[in-house]
Protein chains: 4
Amino acid sequence: MPKIIENLEEEIAKTSLKLFKENPYQNVSMRKIASEVGIAVGTLYNYYPNKWKLYIGVFEESWKETYQILKMNCKKNEADYLKNYIEVLYSEMKKKKSIVRELYRYIMNDLEMDEAEQKEKFKRIRFPRVVINQIYELFIMILEKEFEIKLEKDNQDLYRLFAVLQTNIPLLHQNFEEEEQNIDFLYDLLNSYFEKKILK
Amino acid sequence: MPKIIENLEEEIAKTSLKLFKENPYQNVSMRKIASEVGIAVGTLYNYYPNKWKLYIGVFEESWKETYQILKMNCKKNEADYLKNYIEVLYSEMKKKKSIVRELYRYIMNDLEMDEAEQKEKFKRIRFPRVVINQIYELFIMILEKEFEIKLEKDNQDLYRLFAVLQTNIPLLHQNFEEEEQNIDFLYDLLNSYFEKKILK
Amino acid sequence: MPKIIENLEEEIAKTSLKLFKENPYQNVSMRKIASEVGIAVGTLYNYYPNKWKLYIGVFEESWKETYQILKMNCKKNEADYLKNYIEVLYSEMKKKKSIVRELYRYIMNDLEMDEAEQKEKFKRIRFPRVVINQIYELFIMILEKEFEIKLEKDNQDLYRLFAVLQTNIPLLHQNFEEEEQNIDFLYDLLNSYFEKKILK
Amino acid sequence: MPKIIENLEEEIAKTSLKLFKENPYQNVSMRKIASEVGIAVGTLYNYYPNKWKLYIGVFEESWKETYQILKMNCKKNEADYLKNYIEVLYSEMKKKKSIVRELYRYIMNDLEMDEAEQKEKFKRIRFPRVVINQIYELFIMILEKEFEIKLEKDNQDLYRLFAVLQTNIPLLHQNFEEEEQNIDFLYDLLNSYFEKKILK
DNA sequence: CATGAATGAGTGTTCATTCAT
DNA sequence: CATGAATGAACACTCATTCAT
């Protein structure tokens with residue numbers, strides 16, 4: 001006697017996000033997700049064709065959320081744009097340890113796949129590039145505000161700076177306890193580079 | 001029909017290093033290693049007591065090698081110490097994709113393990129902390145030479161800088177094709193931070 | 001292509017009981033059971049969490065059955081209580097060669113385990129001690145009827161007598177063909193000891 | 001450079017006997033035996049064609065020893081022949097827990113083999129039936145002395161009595177702590193049966 | 001659309017046995 | 001005759017996926 005569950009898709013997303021945040025991909029089984037949601041394993045497959053797609057979907061959703069928060073924060077700020085942007089991103093990222101780690105792997109172009117077929121699959125879904133792009137655009141916007149300058153979005157070194165920021169937040173958070181100093185360090189790193197290499 | 005194979009230990013180390021470089025831990029099976037080496041599975045266990053120790057052994061060996069190369073290069077240089085250090089580290093790291101990724105995970109304190117027991121195991125073998133420390137000390141040494149200054153090894157921001165360097169080499173290499181510009185970027189990033197925040 | 005199989009649990013129990021009756025624990029593999037039942041290995045694990053629990057479950061079930069049969073027989077008898085008890089126990093035990101052997105090992109406190117952990121596991125599930133106790137109580141009851149005497153359950157020599165009975169049924173059955181004479185021998189053995197040592 | 005070891009055969013026998021006494025067959029590996037003896041695994045196979053034959057050989061040797069001890073004790077006694085025989089057998093058997101357990105299996109005609117081929121092998125080596133027979137003959141001899149009677153060796157009930165004695169010594173020893181009472185019980189069991197059924 | 005029993009290829013690991021040295 | 005590295009079938013167990021109900 002199948003029960004009809006309201007907002008089941010959302011429920012699955014929420015629960016598996018929670019699990020994937022706390023555990024690496026391999027350690028989260030479909031059984032575990034299903035039992036946590038309170039449904040049958042088979043039901044998961046009505047919403048996602050396989051484990052990997054479920055993972056990706058959940059991941060993307062999570063980044064959308066982060067984007068929304070960043071955007072809101074950007075709007076209401078009047079000064080210290082860069083510092084603030086780093087702070088918010090930092091606080092968002094520390095909420096999703098495992099997902100962020102996965103981001104790194106994504107950046108590294110290695111997602112536990114070696115099969116060419118899977119790589120292909122992966123390319124097709126193009127992960128949350130879209131969202132990451134939006135977050136990048138926000139990054140450019142706040143830099144323009146902060147330094148009162150017009151920037152070229154396609155500048156490779158700005159891309160690099162953004163990648164560095166993303167990757168080093170979880171890195172520092174994991175390894176150095178003093179949160180405030182981590183943020184200061186990141187701010188100084190970006191700021192000094194920007195001043196020396198971009199502004200002049 | 002047991003045949004004695006020459007340099008088998010080395011062969012195993014070489015082959016599994018290759019496999020671990022290209023694939024994450026979970027995707028490299030003992031069967032795969034054995035068949036790649038051209039031996040029976042059981043034979044692997046004559047050289048390493050289990051998969052994890054094999055992995056660690058191979059990993060550590062690989063870092064020792066990197067350290068030796070870095071050290072040699074440091075000695076023979078007369079100028080551009082930092083630039084040279086980054087170049088050598090970059091070229092070493094791009095050789096070992098997956099191992100480097102593992103370094104990142106190590107730094108992130110997450111090695112696909114959640115079992116307390118395994119964590120304990122891990123602590124006991126103390127991974128290549130020693131080697132990493134040696135590479136860090138080399139880093140401090142070349143900074144002292146480059147900027148003609150005496151540095152405090154335990155400075156938290158120097159630690160941060162080193163972690164950033166290590167993590168961003170594979171990051172940039174993976175995502176930006178122009179190798180030379182990647183190295184320049186890293187050099188500028190470190191250099192500008194150093195000049196602005198450490199020197200004065 | 002999963003098919004729903006009727007009475008699979010029962011089928012597994014029946015088949016593995018058969019296999020465990022005929023072969024020692026170590027020589028019955030999960031693969032063997034599965035293939036004999038005509039299912040996949042994984043399916044076994046839907047019913048029992050591991051081999052040991054499967055074994056225990058099947059074993060215990062088998063003893064419960066024996067107890068029921070003994071109890072029924074006890075009730076409907078009017079005379080020759082002891083002889084009858086031995087006969088029924090004998091006929092039950094000869095049905096389960098290997099299980100009975102396992103009882104012996106159980107009595108011997110050795111189940112092919114030396115790991116403290118496993119011993120602990122074993123203690124926790126408390127094997128069929130309960131059932132054995134019930135069979136023992138039946139034994140005392142029929143002795144009281146047979147000899148018209150009130151017995152002290154905790155008498156060590158009665159325990160010994162019961163252990164002897166249990167152990168020697170399979171022993172004699174295995175080694176001496178004449179079933180009737182085996183039963184007579186056991187009856188005489190118990191009877192003469194009882195008359196000489198317990199009654200007076 | 002192979003070393004020549006004196007009395008190696010004897011050394012192997014002694015050491016594996018020790019191991020088999022303390023651990024069940026499956027838990028004693030050839031590696032373990034070899035390393036305990038201080039030789040290479042391969043060397044074991046110069047003396048015994050396989051693990052099973054090694055086990056059997058060692059087992060048989062052990063019973064020969066027991067026979068010698070029993071025989072010596074029989075000779076020097078003047079009275080209480082049966083009690084004394086039981087005492088010596090009891091003390092011998094408690095020395096070899098695991099071997100004795102194996103005796104039981106032997107009696108039960110089941111030695112961890114189901115392969116017809118292995119059973120055949122087994123038949124051919126005819127285990128220590130010879131030694132057991134000698135111990136049985138000693139048993140008959142002391143009964144004749146004890147009860148001053150001439151006995152028929154081929155009496156099935158005497159065989160049964162002997163089997164009961166052998167099997168119940170380890171059984172009682174394992175389950176009832178009071179050694180003296182165990183021996184008394186066994187003595188009474190045999191004695192009462194003998195008086196009631198054989199003497200008259 | 002929900003169920004969850006069934007699937008089976010896959011995992012790391014063991015160990016009796018062989019045989020080139 | 002001693003060595004011990006090499007072998008590979010075997011083990012218990014896992015888990016993403018399927019599909020009859």
Side-chain angles (χ1 to χ4, degrees), chain A residues 1-5 8-9 26-35 37-54, chain B residues 1-6 8-9 26-35 37-52 54, chain C residues 1-6 8-9 26-35 37-52 54, chain D residues 1-5 8-9 26-35 37-54:
Chain A
M1 53 208 83
K3 51 189 173 190
I4 299 308
I5 301 153
L8 187 47
E9 182 146 21
Q26 300 267 16
N27 293 5
V28 178
S29 72
M30 295 300 266
R31 238 183 202 71
K32 179 75 185 162
I33 296 172
S35 95
V37 180
I39 57 169
V41 247
T43 307
L44 291 174
Y45 289 84
N46 289 333
Y47 295 90
Y48 299 91
N50 56 46
K51 188 184 173 185
W52 181 250
K53 288 255 175 77
L54 161 58
Chain B
M1 51 217 81
K3 53 192 166 188
I4 265 52
I5 301 156
E6 219 124 338
L8 185 48
E9 181 146 22
Q26 300 266 19
N27 291 8
V28 178
S29 74
M30 293 302 265
R31 257 172 192 73
K32 178 74 185 165
I33 296 173
S35 94
V37 180
I39 56 171
V41 236
T43 305
L44 290 174
Y45 288 85
N46 289 337
Y47 294 90
Y48 300 91
N50 54 49
K51 187 184 173 186
W52 180 250
L54 162 57
Chain C
M1 50 214 83
K3 54 190 165 188
I4 265 52
I5 301 157
E6 218 124 338
L8 185 50
E9 180 147 24
Q26 301 265 19
N27 292 7
V28 178
S29 74
M30 294 302 264
R31 249 179 195 69
K32 177 75 185 164
I33 296 173
S35 93
V37 181
I39 57 170
V41 233
T43 306
L44 289 175
Y45 289 85
N46 289 336
Y47 294 89
Y48 300 90
N50 56 47
K51 187 185 172 186
W52 180 249
L54 162 57
Chain D
M1 53 208 82
K3 54 188 170 185
I4 299 309
I5 301 152
L8 186 46
E9 181 148 22
Q26 300 266 17
N27 293 5
V28 177
S29 72
M30 295 300 266
R31 239 183 200 71
K32 179 73 184 163
I33 295 172
S35 94
V37 180
I39 56 169
V41 248
T43 306
L44 290 174
Y45 288 83
N46 290 333
Y47 295 90
Y48 299 91
N50 57 46
K51 189 186 174 185
W52 180 250
K53 288 259 175 74
L54 162 58

Please step through side chain to side chain contact (heavy atoms under 4.5 Å, CB included) for the pair C/L54 and C/I33, ending with a clear verdict. CA-CA 11 Å; C/L54 162 57; C/I33 296 173; 3.7 Å; yes
side-chain contact (heavy atoms from CB on, under 4.5 Å) filter on C/V41, not counting sequence neighbours, yields C/M30, C/A34
Once you apply a heavy-atom cut-off of 4.0 Å, does C/V28 come out as touching a base, just sugar-phosphate, or nothing? sugar-phosphate
Measure the distance from NZ on A/K53 to P on F/dA16 and round it to the nearest whole Å. 16 Å
If you pin B/K51 and C/I39 to their nearest nucleotides in DNA chain E, which one's is more 5'? C/I39
Please report, rounded to the nearest Å, how far the P atom of E/dT11 is from the CG atom of B/N50. 17 Å
Would you indicate which nucleotide in E/dC15, F/dC11, E/dG4 comes nearest to any side-chain atom of A/A40? E/dG4
Any donor-acceptor N/O pair under 3.5 Å between E/dG12 base and B/R31 side chain: yes
Whether D/Y47 contacts F/dA2 is assessed here as follows: a side-chain N or O lying under 4.0 Å from the phosphate OP1 or OP2. Is that the case? yes
Quick one: does A/K51's side chain have a donor or acceptor within less than 3.5 Å of a partner on A/V28's backbone? yes
Do any side-chain nitrogens or oxygens of D/N46 fall under 4.0 Å of OP1 or OP2 in F/dA2? yes
Which nucleotide in F/dA5, F/dT17, F/dC13 has an atom nearest any side-chain atom of C/Y45: F/dC13
Tell me the closest heavy-atom pair linking C/N50 and C/Y45, and the distance in Å. CA-CE2, 4.0 Å
If you define the side chain from C-beta out and look only at heavy atoms, does anything of B/R31 sit under 4.5 Å from B/L44? no
When you get a sec, tell me which of E/dA16, F/dT17, F/dA6 is the closest nucleotide to the side chain of A/M30? F/dT17
Rounding to an integer number of Å, can you tell me how far A/N27 CG sits from E/dT11 P? 16 Å
I need the A/N46 CG to A/L8 CG distance, nearest 0.5 Å. 9.0 Å
A/S29 side chain N/O closer than 4.0 Å to the phosphate oxygens (OP1, OP2) of F/dC15? no
Without decimals, in angstroms, what is the distance between D/K32 NZ and E/dA16 P? 13 Å
Tell me: OH of A/Y48 to P of E/dC1, nearest whole Å? 15 Å
Of the candidates F/dA2, E/dG12, E/dT17, the side chain of D/L8 sits closest to F/dA2
If I take atom CH2 in residue D/W52 and atom P in nucleotide E/dC15, what distance separates them, rounded to the nearest angstrom? 18 Å
Quick one: on DNA chain E, does C/L44 or A/G42 contact a more 5' nucleotide (nearest heavy atom)? A/G42
Sequence-distant partners of D/S35, side-chain contact (heavy atoms from CB on, under 4.5 Å), two or more places apart: none
Expressed in angstrom and rounded to an integer, what is the separation of D/I33 atom CD1 from E/dC15 atom C1'? 12 Å
Under 3.5 Å for both distances, Watson-Crick or G-U wobble, that's the pair rule; now give the dot-bracket for DNA chain E, with | marking pairs to another strand and [ ] for crossing ones. .||||||||||||||||||||
Looking only at side-chain N and O atoms, does A/T43 come under 4.0 Å of OP1 or OP2 in E/dT3? yes
